[in-house]
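Notes follow once the structure below has been shown.
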Amino acid sequence: MKNLFSVLRSDDVADDLVRVIETIVDASKEIAFLVRQGALAGVLGSTQDENIQGETQKQLDVISNQLLKDLLLANSAVAAIASEEEDTVVAGNAAGKYLVAFDPLDGSSNIDINGQIGTIFSIYRVLDGIAHGSEEQFKQKGAQQVCAGYELYGPSTLLVITTGKGTHCFTLDSTQGNFLLTAGHIRIAQDTQEFAINMSNARFWNDNMRSYIDDLILGETGARGKRYNMRWNAAMVGDVHRVMTRGGIFLYPSDNRNAKQPAKLRLLYEANPMAMLIENAGGKACSETQRILDIQPTQLHERVAVILGSANEVSECLGYLQ
Ligand code: F6P
């Protein structure tokens, strides 16, 4: 079986970018170990702190963030990092060529119930003429990512990654510590009969979104003429991985629970990397109004509505929203 580095070499990935990916992978192997050890490693439960988004941080959020931060900042190719758990950008090596944005521990509410969790990351090139280590460096469209990926800490530890030449899935062989290729060039089915959304928010959606989901629920008796199944992991990595594996549509639409914050998922740490992975696997990823990868970020911790997965189903959904 091919390992991660032989696949990156055959995809012509530059050596310094490979080193950045290697650093992320090293951190994620440590996180995977801690996740497996769980209560035995004393990593479960919450801290007393809140992150910049006002969410109580779990111990594993803080530990995972620190691991990624320390290892990445020690890598001479890394110019700066931005993390969902950091208030601002953290500058790295002045001569570094790459910027790394990450959600160190996605799906935090699953930590204490032994459910699926993950790490999501995204890599950009440093922009010339913009202050080193500044927030402005990270205000690049998702289409400018040079690499995106996630690690899924489930029954197996998986790495799903793209450098723009297809989306590949690797499984961690814990006997050797290597990520081995288990699904190359993933292709997401164009059509699906499975959707993922947090239904408890239904009364807060706009009418068009409600009418789309209503039609899915009506199944073969409604406008869509086929029966749908629903799944919700409450961890984007888990839901997106299911879509990668057997198709589907994942939605976290805007809603009116909080007027100041209509969307939940973060553009830089969640939406952009997942959109690059999904598009490289033949799927589609949009906000309610445009392709996610074309959005011009205006803030580091910006949030966006996300609709992604099987291309034809995403298009159907957007049709309801027009
Ligand atoms: O952004 C964090 C996250 O946990 C995602 O991974 C997940 O899709 C979503 O929030 C779950 O949201 P909710 O708590 O509304 O189900």
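Indexing begins at 1, ligand by ligand and atom by atom, following the structure's order. In this chain, residues are counted from 1 in sequence order.
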Original post:
Which one holds for Asp103 and ligand 1: side chain close, backbone close, both close, or neither close, with close meaning a heavy atom under 4.0 Å?
Top reply: neither

Original post:
When you measure from atom 14 (O) of ligand 1 to every protein heavy atom, which one gives the shortest distance, and what is it?
Top reply: Lys264 NZ, 3.3 Å

**OP:** Measure the distances from the heavy atoms of Gly107 to every atom of ligand 1 and state whether one is below 4.0 angstrom.
**Re:** yes

**OP:** Determine yes or no for a side-chain-to-main-chain donor-acceptor pair under 3.5 angstrom, with Asp215 supplying the side chain and Arg224 the backbone.
**Re:** no

Subject >> Protein contact to atom 7 (C) of ligand 1 [nearest heavy atom, distance to 0.1 Å] >> reply: Met236 N, 3.6 Å

Original post:
What atoms in ligand 1 come closer than 4.0 Å to a heavy atom of Tyr252?
Top reply: 12 (O), 13 (P), 15 (O)

Original post:
Looking at ligand 1, does any of its N/O atoms fall within less than 3.5 Å of an N/O of Asn198?
Top reply: yes

Subject >> Thr157 (side chain) donor-acceptor with Tyr153 (main chain) under 3.5 angstrom >> reply: no

Original post:
For ligand 1, which atoms have a heavy atom of Glu270 less than 4.0 angstrom away?
Top reply: 1 (O), 2 (C)

Original post:
Any N or O of Asp106 that comes nearer than 3.5 Å to an N or O of ligand 1?
Top reply: yes

Subject >> Greater than 12 external heavy atoms within 6.0 Å of Asp15's CG >> reply: no

Original post:
Of all the atoms in ligand 1, which lie at a distance below 4.0 Å from a heavy atom belonging to Arg266?
Top reply: 1 (O)

Original post:
Would you say Thr23's side chain and Arg19's backbone share a donor-acceptor pair under 3.5 angstrom?
Top reply: yes

Original post:
Which of the numbered atoms in ligand 1 are below 4.0 angstrom from a heavy atom of Trp232?
Top reply: 11 (C), 16 (O)

Original post:
Do Trp232 and Phe250 have ring centres separated by under 6.0 Å?
Top reply: yes

Original post:
For atom NZ of Lys29, is the number of surrounding heavy atoms from other residues, nucleotides or ligands below 6.0 Å larger than 12?
Top reply: yes

**OP:** Kindly say whether the aromatic ring centers of Tyr320 and Tyr212 come within a distance under 6.0 Å.
**Re:** yes

